[in-house]
Structure formats: C-alpha cells, structure tokens
Amino acid sequence: MKTWMLLTTFVCGVIATSLPLSAHPDGPENRASTLTGDAAVMLAVDRALAEADVPTLARMYQTSADPVSHVLAAMALERIHLNLDKSSEDARLCERGLIDSKPEVAFFCAKFANGNLRLSRGASQANADELDIVRRFAGKLPRVWLDQLKNFVAEHAAGPQLQVLMPSHSFNIPVVHSLAHGNLPIVEAETHGKKTWLLVDTGSSTLTLDEAAARDLGVAMLDRTGKTGGFLSRDVPVRYGTLDELRIGELTLLNVPVAVTAGNHRLIGIDILRQLGEFRLAEKSITVGESMEGSSACKEPMLVASNLWGTGLRVVSALSIDGQLRTTLLDSGSSQYLAADQHTLDELHSSPRSRMKISDIGEYQHAARVSRATADVDISGQPFSVTFEVFKDASLPWHYVLGSGALPYMDFYFNFHTRHTCLVLHHDLH
C-alpha cells in the first residue's frame with residue numbers, strides 16, 4: 001500500500017549561467033576522474049566548500065606537502081567558518097604569489113576572494129571586483145575565459161543594493177503553521193498594501209515567488225533567466241526580478257532580489273535572513289536581536305556551505321548520528337524532523353516503506369521512494385532515538401536534513417555577527 005504525504009523542502013542554489021571551472025561559476029562541470037594535479041585539487045576544494053566538508057579540508061591542510069593544496073584548504077576552512085577577512089587574506093596572497101607561475105590557480109584564488117567579498121559586502125562590490133579580476137589576468141589566461149566573465153558581469157549587473165531596515169531593539173515576528181502550507185513556518189509579508197505569506201526556509205537562498213505572486217506584488221522582472229533545483233527537482237526554470245519593498249512585521253527590506261518559478265512557492269531564504277545578523281527561529285516566532293552570547297547552550301561555531309563565488313550559502317551543523325559526526329543542513333523548509341538521502345543507506349539499517357508524494361520547487365510533484373531508518377542522534381548534548389525517512393531518489397551535498405519538524409522541541413539560533421549557531425532544546429522536552 002502506498003503512503004502519501006506532503007513535504008515541502010529546500011531550494012538549492014540557483015544556477016544562473018554555466019561556464020567552465022576556470023571562468024565562472026556555480027560549480028565545475030568536469031569530473032574529478034578526468035583531472036590531475038592542480039585542477040584536481042581545485043575541484044576537490046570546490047566540492048568540499050559546497051559540502052562544508054571540514055574533515056576533508058583539515059586533512060588536506062595538515063598532511064599535504066603540496067603548497068597549492070595547503071593554501072586552498074586554508075582558504076576554504078576559513079570560509080566555512082565565515083572568517084571572511086582571513087580567508088580573503090590567504091586568497092590574495094595566493095593570487096599574488098602564483099599569478100605568473102600558476103595563473104589558473106591564482107585565478108581560482110581571485111574568484112575565491114571575490115566570493116568572500118560577495119558574502120561580506122554584497123553583489124555590487126563583488127561585480128565591480130570581477131571586472132578588476134579581468135584586468136589583472138589579461139594576457140595570462142585564455143581570452144575566452146575572461147570574455148565569459150565580463151559577459152557574466154554585464155548580464156548580472158547589480159541594481160540597487162539590498163537594504164534591511166529594522167529597529168535597534170530586539171523584536172519578534174509572528175510565525176504560524178497551517179495544514180494548507182504543509183504545517184511549515186509561515187510569516188505574513190506586505191508590499192504596498194498587498195499581503196502574502198512566505199515560508200521561512202533556511203534551506204533556500206533568496207526570496208522565491210511563484211509567477212502569480214510575483215505579478216500580484218509588482219516584481220520588476222529582469223532580462224535574465226536560470227535554473228534551480230531542490231530535494232528532488234532538477235533544472236527548474238527561473239526568471240529573476242527585484243521587489244522594491246517588502247515588510248515583515250517591524251522589518252523592512254528594500255531592493256529585494258527575487259527568483260520567480262512556476263508552481264505555488266513563496267520562500268524567504270537564508271541569504272535574506274542572514275542580513276538580520278542574529279535571529280532565533282522558534283515554532284511560533286522569529287526573535288531578532290536577542291543575544292544568546294555567553295549562554296552555555298550556544299558554543300558551536302557556525303559552519304556554512306557555499307560555492308566558489310559566495311552564493312548558495314547554507315548553514316549546517318555537525319550532528320552525531322550513530323556515533324559518527326555527520327554534516328546536517330538546518331532546513332526549516334522541510335516538514336521532516338530528520339531526513340536523509342540515498343548515501344545514508346549504506347551506513348544505516350533501514351526498511352522499505354513505499355512512496356511519498358512530495359511537493360518540491362517547481363510545478364510538479366514527485367512520487368519519491370522512501371525507506372525508514374532509526375538512529376541515535378545527539379543534539380546539543382542530549383541523546384535521542386529518532387526514526388526518520390530516507391529518500392532513495394535524493395542526492396544532497398549534506399546527506400542529512402534537520403527540518404521544521406524539530407521546532408516543537410528546539411529552536412534554531414543563528415548569529416552571523418559572532419559566527420555561532422546552535423540548537424536550543426526546550427526545557428520541557430520529553
């Protein structure tokens with residue numbers, strides 16, 4: 001017998017344009033088996049960065065006698081911990097030291113520093129820096145690579161910078177859950193008197209709207225398209241635009257970048273939420289600006305996954321699952337407590353369950369094959385025995401997802417100022 005349920009899950013990083021590893025951007029197209037030497041090292045670091053794979057990078061940094069491996073691993077480790085100034089310092093030293101002897105590696109380092117700039121200062125400064133990268137590498141790399149980078153910058157010329165206006169004091173944004181929205185965390189938003197709902201989705205990137213919502217709210221569309229994906233969806237068409245104003249409680253966002261897709265999806269993702277600096281997502285509210293620094297409950301360093309160019313940022317946590325540390329995406333856009341992808345089938349004892357009906361990004365639903373597994377999970381020092389779904393058709397960079405199904409038992413806390421994140425267990429936890 002088939003079991004059907006609704007699961008809304010995260011949007012992966014939007015793929016705007018596909019260019020080679022040496023040019024731009026959201027991930028190399030080559031496979032590691034076809035690359036050797038420095039190219040293989042760059043691809044390995046790129047993948048580890050996207051997965052926030054600290055153990056792999058730490059081994060590379062500590063054991064490799066290759067200076068290229070050493071410096072690239074150092075840059076990536078600092079990025080994963082959001083030590084962007086130190087990461088950029090290492091990247092600039094790499095570029096200056098290798099631009100004549102190993103220009104492709106130096107180019108990788110220049111792009112890496114540009115990604116740090118995009119994360120810390122925004123798209124406008126990063127785009128200007130990309131043009132300067134073209135100038136610095138003129139005559140040192142194939143012209144086609146640099147022309148592709150110039151074309152990318154021209155196509156993605158930034159409009160007005162995203163601005164966040166909010167009170168200097170801490171404040172709350174009400175969160176509701178309803179069966180109509182998969183029992184996921186929803187906030188009310190408004191623009192120019194028109195109201196809508198938005199799913200608070202820490203597993204997605206920017207503001208994502210369906211076509212009807214984009215029209216109704218007055219999104220100014222750009223002449224730019226791309227593709228995105230999700231838990232199961234792949235190559236979903238996307239159009240881009242800008243929303244001049246969006247109000248969520250006492251929060252006002254100006255010049256908000258928007259990804260527009262088919263279907264019925266309205267998400268506010270971590271690229272927007274991180275602009276708050278510090279927030280705590282609970283089952284019934286988002287608390288902004290109420291610090292937990294000094295609390296014994298929040299000592300974990302923040303770990304982030306991203307791509308080379310500083311987009312597709314996700315916050316992850318290292319959870320102990322059956323005694324092994326496993327990188328886990330904090331994804332309030334998933335209705336599950338805990339979920340896993342096909343890669344976990346080899347390390348967990350699981351039993352077939354049949355299929356689930358999943359509403360993912362895009363207009364189509366998926367009949368996903370699932371198994372059920374039980375594991376001992378340690379969350380903030382508290383052991384749990386958790387039974388969860390394993391999705392046999394999903395392949396994720398992180399393999400595990402901690403979703404909004406956990407919010408009745410814990411809050412998700414993010415502090416991008418001090419680079420800490422934690423899972424705050426409720427005192428009345430059973």
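Count residues from 1 along the sequence. What's counted below: heavy atoms across the whole structure, side chains too, no hydrogens, waters or symmetry copies.
Within 6.0 Å of the NZ atom in Lys194, the count of heavy atoms belonging to other residues, nucleotides or ligands exceeds 12. Counting heavy-atom neighbours within 6.0 Å of Arg419 CZ, excluding the residue itself, gives a total above 12. For CG of Asp85, the number of neighbouring non-hydrogen atoms (other residues, nucleotides, ligands) closer than 6.0 Å is 12 at most.
Atom CG of residue Asp322 and atom CG of residue Leu348 lie 6.0 Å apart, to the nearest 0.5 angstrom. Atoms CE and OH, from Met221 and Tyr240 in turn, are 10.0 Å apart once rounded to the nearest 0.5 Å. Separating the OG atom in Ser306 from the CD1 atom in Ile270 is a distance of 13.0 Å, to the nearest 0.5 Å. Rounded to the nearest 0.5 Å, atoms CG (Leu246) and CG (Leu198) are 6.0 Å apart. How far CG of Leu330 is from OH of Tyr413: 14.0 Å, rounded to the nearest 0.5 Å. Between the CG atom of Leu402 and the CG atom of Leu329 there is a distance of 9.0 Å, given to the nearest 0.5 Å.
For the pair Thr56/Arg47, no side-chain contact is recorded, criterion being any heavy-atom separation below 4.5 Å from C-beta on. Within the 4.5 Å cutoff, the side chain of Leu209 has heavy atoms near those of the Val219 side chain. The closest side-chain heavy-atom distance from Phe384 to Asp376 is not below 4.5 Å. You'll find the side chain of Glu290 reaches within 4.5 Å of the side chain of Thr287, heavy atoms only. Side-chain contact between Val315 and Phe416 is present, with heavy atoms from C-beta onward closer than 4.5 Å. Under the 4.5 Å side-chain criterion, counting only non-hydrogen atoms from C-beta, Phe412 is not in contact with Arg280. Counting heavy atoms from C-beta outward, Leu253 and Glu245 have side chains that stay 4.5 Å or more apart. Annotation: side chain of Leu165 is not in contact with side chain of Leu251 (no heavy-atom distance under 4.5 Å).
For the residue pair Ser87/Asn83, the side-chain donor-acceptor check at 3.5 Å is not satisfied. For Thr421 and Glu300, the side-chain atoms include no donor-acceptor pair closer than 3.5 Å. Looking only at atom types and distance, the side chain of Thr387 has a donor-acceptor partner in the side chain of Thr374 under 3.5 Å away. In summary, the side chains of Asp271 and Ser205 do not present any donor paired with an acceptor at a separation below 3.5 Å, with no hydrogens or angles considered. No hydrogens or angles considered: a donor-acceptor pair under 3.5 Å links the side chains of Asn116 and Ser88.
In this structure a side-chain-to-backbone donor-acceptor pair under 3.5 Å is present from His70 to Tyr61. Here the side chain of Asn114 pairs a donor or acceptor atom with the backbone of Ala126 at under 3.5 angstrom. A donor-acceptor pair under 3.5 Å is formed between the side chain of His81 and the backbone N or O of Leu77. No donor-acceptor distance shorter than 3.5 angstrom exists from the side chain of Arg247 to the backbone of Thr252, with no hydrogens or angles considered. A distance-only check finds a donor-acceptor pair linking the side chain of Asn255 to the backbone of Gln161 [under 3.5 Å]. Distance alone, capped at 3.5 Å, is enough to place a donor-acceptor pair between the His420 side chain and the Thr418 backbone. Under a 3.5 Å cut-off, the side chain of His426 and the backbone N or O of Pro408 do form a donor-acceptor pair. No donor-acceptor pair closer than 3.5 Å links the side chain of Ser332 to the backbone N or O of Ser404.
When each of Asp201, Val256, Val164, Ile248 is checked for a side chain to side chain contact (heavy atoms under 4.5 Å, CB included) with Ile272, only Val256 meets the rule. Under the side chain to side chain contact (heavy atoms under 4.5 Å, CB included) rule, Val153 has a single partner from Asp129, Ile133, Asn127, which is Asn127.
Between Glu389 and Arg372 there is a salt bridge, since a side-chain N of the basic residue sits under 4.0 Å from a carboxylate O of the acidic one. A salt bridge links Arg118 with Glu130; the closest basic N to acidic carboxylate O contact falls under 4.0 Å.
Classification of the Phe108-Phe112 ring pair by plane angle, with boundaries at 30° and 60°, yields tilted.
Pairing each heavy atom of Leu119 with each of Gly310, the nearest pair is CD2-O, 3.2 Å. Residues Val45 and Ala76 come closest through the heavy atom pair CG1-CB, 3.9 Å. For the residue pair Leu425 and Ile379, the shortest heavy atom distance occurs at CD1-O, 3.5 Å. Contact between Ser69 and Ser64 at its shortest, heavy atoms only, is CB-OG, 3.3 Å. Among all heavy-atom pairs drawn from His169 and Glu250, the shortest one is CE1-OE1, 3.5 Å. For Leu281 against Thr202, the heavy-atom pair with the smallest separation is CD2-CG2, 4.4 Å.
Ring-centre distance between Tyr409 and Tyr337: below the 6.0 Å cut-off.
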What verdict does the side chain to side chain contact (heavy atoms under 4.5 Å, CB included) test give for Ile268 and Leu199, after you've listed the backbone C-alpha separation in whole Å, the side-chain angles of each residue and the deciding distance to 0.1 Å? CA-CA 6 Å; Ile268 183 167; Leu199 166 62; over 6 Å; no

Apply side chain to side chain contact (heavy atoms under 4.5 Å, CB included) to the pair Leu319 and Leu325, showing each step before the final yes or no. CA-CA 5 Å; Leu319 294 187; Leu325 286 178; over 6 Å; no

Phe171 and Ile286: CA distance, side-chain angles, deciding distance, side chain to side chain contact (heavy atoms under 4.5 Å, CB included) verdict: CA-CA 8 Å; Phe171 62 97; Ile286 300 173; over 6 Å; no

Take Asp210 and Arg266, measure what salt bridge (charged side-chain N to carboxylate O under 4.0 Å, His left out) needs, and give me the verdict at the end. CA-CA 6 Å; Asp210 56 61; Arg266 305 176 189 187; 3.0 Å; yes

Decide side chain to side chain contact (heavy atoms under 4.5 Å, CB included) for Arg79 and Leu84; before the verdict, give the C-alpha distance in whole Å, the side-chain angles of both, and the deciding distance to 0.1 Å. CA-CA 6 Å; Arg79 164 84 75 82; Leu84 300 178; 3.9 Å; yes

